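Start at 1 and go down the list; that is how both ligands and their atoms are numbered. Here the structure is a predicted model, which means the values were calculated and not measured.
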Amino acid sequence: MRAPPPPPPPRPARPKRPRPARSADDGDDDWSPSRCVRPAQRRSRSTVRRGAAKSKFQPPVKRTATVTSAETAPAASSTVSGDVQSQERRRVTTEEAAKEADRSPHRSPSPPYDFIGFTLEDQFKARHAVDTKAELLWNHIIAEFKDLGEEPPEREVFKRRRNTVNYREEEDLDDDDYIFCDECDREWEGDCPVHGPLEVVPDNKVPFDTGDPERDIKTRPEFLNPGRSKIPGANTGIWTEKALPARLRFGPYEGIVTADRRQATDSGYSWEIKKCRRVHHYVNAGDSSSSNWLRLVNCARFEQEQNLIAFQYKGQMYYRTYKPIVKGSELLVYYGDAYARELNINVQTFRKAPAAAPPPAAFVSGGSTVRCVHCDYACLGQERLDMHVKTRHGHIGRDGRHKCEWCEYSTNDVYNLSRHRLTHTGERPHRCDECGRTFTLLGNLTRHRRIHTGQRPYVCDVCGKAFTQHGVLTRHRRMHTGEKVRQCEQCGAVFNRLSHYTKHMQSHNGVKPHRCQVCSARFVERRKLTEHVRTHTGERPYGCSFCPARFAAQSNMRNHVTARHTHDYRHRCERCGKGFVALGKLRKHSERCTVTS
Ligand SMILES: C[S@@+](CC[C@H](N)C(=O)[O-])C[C@H]1O[C@@H](n2cnc3c(N)ncnc32)[C@H](O)[C@@H]1O
């Protein structure tokens, strides 16, 4: 039995980076690029979510304890005077340090100044941190040379600007001044000096503040597409249509910056941004018009599934590929344990083989409600579910001649493949000229057009009533035959449509699987959610064919047409003949109607 959906999840907690206690030899007390590294065990929690990949390359670790901070240098110097061996050792280490310092300007600056999202203040601080460390090193070198009674080398070898302003030095560097290098298996201050910076994949540029609800999707790089997530119930996800290498950087994650925890938590689309290990603010991507595509990346359910790592750098969240990703994969990141739990992900077994983690092929929920594991479809009865799986997911495991490049779909019919591709691209090429509504399939548009043209090709042979769709006629006929598809055991209500019965049962069970991403309101039916979302977007796709009125819901448009124009009421009072569009209204009227026939 499936538990009811969890309450709106809180923000994806930023994966925690466990910081070991400072040990004697891991301080920031000396500097060269190779020294800005943190030991491998400081790998962030988020990176752990991809397993214990061993580093292929161990970058230079601390070479010597003789290049020290300003505080420790004099002490070191005083203890070695008169000792030739120590002096020799010091000379070597000092030379090494000088070489190291000399080399350092040629390495990637730390952090790189062209890093997207850098503020001028960030750049300023970063330069000063670098300069301070060079200054400390230089002072120490001079002390070492003086100690040996020799002339120190020209300061020019450092080729660095002198530090001219008073500023807070390396203590200023926050946790998010570091970037984890998956190759080195350790963090570096800024870019990895060995493997270089991550390759920045810029978003497609889309202006802010235009209120475009599709802004998020439009910002995606061209090789990424939205599509139904492979994770049941996760709705939209992001898929790559080409193979991606490791070390790509996406982002930053865009959204509304807020310090309001509740607001951030409610949306379910917020990352915490930390400063000094405390939550400083949130980036809330709940509103698609002020966010980018990163908001659509879902949470991996188990380690093998994860292919992106989220990381904070300079106050912004980014996603990076940490391993090659095959084309046709869904991009999946790990949101952090807290959020994962909310999504019913077993954080203990996260690292186990995928077979252990995903749910069974279909499982029974709420008594006789069964759910499809491939999508968020739910219905009553296994028979109906089997039909759904056959029609919607029948391709799974099939070895058709024409294969989808983005998922496991295959078919022998090339037309089916082109139809299927639309589910990845989100393309809806067929547009209604009347109301602008778009459709993936021409057949759906043809059916839809009948709303505007009034064409009703399916006629009931008993009462002559005509319908736009064959399925609707079939259901209508049940009124004449008295056939009831289902009866609710709890309240006795009868239904001539199985889907109505399913929804009715869901309302008894309190199951509201469809949640509004903007305001978190929940709905039993997806259709109701779609209509509700239009209250946010202002969209009114249904136009009356008699007057200029437009509606967010098709049922409202139909009711309007009946009540204002055709007076072709479905329900009429048997006593006074008054017509009603809703049965409930007729019932209420009947209680009061005093007309005697
Ligand atoms: C940041 S959004 C991701 C985009 C979302 N799928 C959409 O269609 O807008 C987070 C939401 O996606 C869904 N989601 C993401 N990962 C999931 C998972 N592993 N299992 C179930 N739902 C998931 C949950 O509804 C979650 O609240």
I'd like to check which ligand 1 atoms, numbered from 1 as shown, lie under 4.0 Å from a non-hydrogen atom of [X].
| X | answer |
| --- | --- |
| Arg301 | 19 (N) |
| Arg295 | 1 (C), 2 (S), 3 (C), 4 (C) |
| Asn298 | 3 (C), 4 (C), 5 (C), 6 (N), 12 (O), 13 (C), 14 (N), 15 (C), 16 (N) |
| Tyr269 | 1 (C), 2 (S), 5 (C), 7 (C), 9 (O) |
| Tyr335 | 1 (C), 2 (S), 3 (C), 10 (C), 15 (C) |
| Leu296 | 4 (C), 9 (O) |
| Ile345 | 19 (N) |
| Val297 | 3 (C) |

(message) Just to be sure I read this right, does ligand 1 sit under 4.0 Å from the backbone of Trp293, its side chain, both, or neither, counting only heavy atoms?
(response) neither

(message) If we set the cut-off at 4.0 Å for heavy atoms, which region of Ile231 has an atom near ligand 1: side chain, backbone, both, or neither?
(response) side chain

Can you tell me how far [atom2] of [Y] sits from [atom1] of [X], rounded to the nearest 0.5 angstrom?
| X | Y | atom1 | atom2 | answer |
| --- | --- | --- | --- | --- |
| Lys314 | Ile273 | NZ | CD1 | 13.5 Å |
| Cys435 | Arg540 | SG | CZ | 14.0 Å |
| Tyr269 | Leu294 | OH | CG | 13.0 Å |

(message) Going by salt bridge (charged side-chain N to carboxylate O under 4.0 Å, His left out), name the residues that satisfy it together with Arg527, two or more places apart in sequence or in a different chain.
(response) Glu525, Glu531

(message) Is Arg515 close enough to touch ligand 1? Criterion: a residue heavy atom under 4.0 Å from a ligand atom.
(response) yes

(message) Can a side-chain donor-acceptor contact be found between Asn284 and Thr258 if the only test is distance below 3.5 angstrom?
(response) no

(message) Just by distance, no angles: are the side chains of Thr438 and Arg428 close enough, under 3.5 Å, to form a donor-acceptor pair?
(response) yes

